[in-house]
Amino acid sequence: MASGGVTGVGTSEPTAAKYWLRTLALVYLLFLLVLPVGLIAWRTFGGGIGPFVTALTSPEAVHASRVTVVVAAWAVGANTVFGVGASLLLVRHQFPGKRLLAALIDLPMAVSPVVVGLALTLVYGRFTPIGGWLESRGIQVIFSTPGMVLATVFVSLPLVVSAVVPVLEELGDEQEQAARTLGAGPWQTFGRITLPGIRWALAYGVVLCLARALGEYGAVAVVSGRLVGQTQTLTLFVEERFQNFDQPAAFAAATALALLAIVTLLVTKLLRPKGGSR
């Protein structure tokens with residue numbers, strides 16, 4: 001009986017602690033995430049769906065959405081190609097400076113996006129050697145789409161690599177070696193063996209990269225110049241409209257971005273590969 005009583009007390013204490021931790025986590029998320037996002041949605045649809053549609057179909061909002069899609073598409077494409085190549089290089093090859101390369105790929109996770117934008121301006125600005133040389137040949141980087149693409153590529157650089165590397169390590173290279181032994185070329189081996197093995201991890205990394213690109217603000221704000229109707233993305237549109245007291249448009253664009261984030265979250269949950277991360 002004594003033993004049973006001790007066991008009961010020992011079981012109830014962890015159970016009570018578990019419920020307290022759950023409650024604390026829920027309250028924390030409620031005030032940090034749910035209430036702010038819910039309040040934006042309430043302010044957006046407080047007057048019905050009409051103002052929401054009107055705000056998002058205005059010429060400024062449509063142009064900002066178009067710029068956002070163009071920048072994100074270029075960034076995701078570049079990071080997908082680079083991410084697959086860098087992952088194969090890191091996992092399948094040994095070479096001097098391998099750890100340095102891995103550290104450089106992870107660097108954007110540690111550097112503030114504002115610093116990234118400033119660094120790009122110092123390299124590709126109009127009055128710098130590289131930027132001046134490019135502009136003399138009709139290529140403007142800063143305060144134009146190329147600079148925004150570079151900034152977005154930089155901040156989302158590690159995401160595809162982080163998703164693909166662990167899966168490549170888990171797959172090993174036995175099947176690839178067997179394919180090469182049977183006479184398959186590098187591209188045949190990649191297309192028939194490697195790519196099918198990493199396809200879900202690659203899709204997961206691409207979705208993460210897309211989400212990061214669509215929501216980027218800091219680096220893009222520095223290199224774009226925030227020119228309304230020219231270099232304004234949807235995140236910059238939210239800030240500009242809010243500062244100009246056009247709250248319906250700001251809330252509508254913010255809600256659209258939040259909905260995109262929710263959809264992205266659901267997709268990543270479906271595509272996320274099993275196992276750890278890099």
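Residue numbers count from 1 along this sequence.
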Residues that S144 engages under side-chain hydrogen bond (donor to acceptor under 3.5 Å, both in side chains), provided they are two or more places apart: none
Pairing residues for A55 by the side chain to side chain contact (heavy atoms under 4.5 Å, CB included) criterion, not counting sequence neighbours: A249, A252
For a 4.5 angstrom cut-off between non-hydrogen side-chain atoms, does L168 reach L88? yes
Measure the spacing between CG of L150 and CD1 of I142 and express it to the nearest 0.5 Å. 7.5 Å
Test side chain to side chain contact (heavy atoms under 4.5 Å, CB included) on N79 and L157; report intermediate values, then the result. CA-CA 6 Å; N79 279 336; L157 185 70; 3.4 Å; yes
Same cluster or not: are F242 and Y217 linked, directly or through other Ile, Leu, Val, Met, Phe, Trp or Tyr residues, by side-chain heavy atoms under 4.5 angstrom apart? no
Consider only side-chain heavy atoms of I, L, V, M, F, W and Y, link residues closer than 4.5 Å, and tell whether V206 and V71 are in one cluster. no
May I ask you to test the V155-P108 pair for a side-chain heavy-atom distance under 4.5 Å? no
In terms of heavy-atom contacts, L159 and L208 come closest through CD1-O, 3.6 Å
Only pairs at least two apart or in different chains count here, so list each salt bridge (Lys or Arg N to Asp or Glu O under 4.0 Å) that has a residue in residues 215-230. R212-E216, R226-E239
Please tell me whether V223 and V76 are part of a single hydrophobic cluster in this structure, the criterion being side-chain heavy atoms less than 4.5 Å apart. no
Greater than 12 external heavy atoms within 6.0 Å of R137's CZ: yes
Non-hydrogen side-chain atoms of V67 and M148 separated by less than 4.5 Å: yes
How many angstroms lie between atom OG of S162 and atom CG of D106, to the nearest 0.5 angstrom? 5.5 Å
Does L214 belong to the same Ile/Leu/Val/Met/Phe/Trp/Tyr cluster as L236, with side-chain heavy atoms less than 4.5 Å apart forming each link? no
With ILVMFWY side chains joined below 4.5 Å, transitively, what does F31's cluster contain besides itself? V27, L30, V34, L35
To the nearest 0.5 Å, tell me how far L171 CG sits from T194 OG1. 8.0 Å
Does the side chain of W20 reach to within under 4.5 Å of the side chain of L24, using non-hydrogen atoms? no
Applying side-chain hydrogen bond (donor to acceptor under 3.5 Å, both in side chains) to R43 and not counting sequence neighbours gives Q247
What heavy-atom pair brings V161 and G83 nearest, and what distance separates the two atoms? CG2-CA, 3.6 Å
I'd like to check V220 versus T235 (side-chain heavy atoms, cut-off strictly below 4.5 Å). Are they in contact? no
Over all heavy atoms of both residues, which pair between R192 and P196 is shortest? Give the atoms and the distance, please. O-CG, 3.5 Å
If you measure only the distance, is there a donor-acceptor pair under 3.5 Å linking the side chains of T68 and T233? no
Decide yes or no for L234 and L257: does some side-chain heavy atom of the first lie under 4.5 Å from some side-chain heavy atom of the second? yes
What residues form a salt bridge (Lys or Arg N to Asp or Glu O under 4.0 Å) with R92, not counting sequence neighbours? E176
Quiz: residues 112-120 side-chain donor-acceptor pairs under 3.5 angstrom, not counting sequence neighbours:
residue, atom, partner, partner atom, Å
S112, OG, V114, N, 3.3

Provide the full list of salt bridge (Lys or Arg N to Asp or Glu O under 4.0 Å) pairs with a residue in residues 243-257, sequence neighbours left out, each pair given once. R241-D246
According to ring pair (Phe, Tyr, Trp, His ring centres under 6.0 Å), does anything in residues 114-157 pair up with another residue at least two apart or in another chain? List the pairs. none
Can you confirm whether more than 12 heavy atoms, excluding those of E169, are under 6.0 Å from its CD atom? yes
One should read off an interatomic distance between E174 CD and I193 CD1, to the nearest 0.5 angstrom, of 12.0 Å
Write down the atom of A61, the atom of L56, and the distance for their closest heavy-atom approach. CB-O, 3.7 Å
Pairing residues for L195 by the side chain to side chain contact (heavy atoms under 4.5 Å, CB included) criterion, not counting sequence neighbours: F190, I198, L202
Give a yes or no on whether the backbone of V164 and the side-chain of S87 come within a donor-acceptor separation of less than 3.5 Å. no
Identify whether V153 and V70 are in the same connected component of the hydrophobic contact network (ILVMFWY, side-chain heavy atoms under 4.5 Å). yes
Looking at L227, is its backbone amide N or carbonyl O close enough to the side chain of Q230 to form a donor-acceptor pair, meaning the two atoms are under 3.5 Å apart? no
Please report the shortest heavy-atom distance between I105 and A86, naming the atom on each side. CD1-CB, 3.9 Å
Does anything in residues 47-103 pair up under ring pair (Phe, Tyr, Trp, His ring centres under 6.0 Å), and if so which pairs, sequence neighbours excluded? F45-F52
Which atom of S156 lies closest to which atom of T152, heavy atoms considered: OG-O, 2.7 Å
Residues two or more places apart in sequence or in another chain: which of them pass side-chain hydrogen bond (donor to acceptor under 3.5 Å, both in side chains) with R126? E135
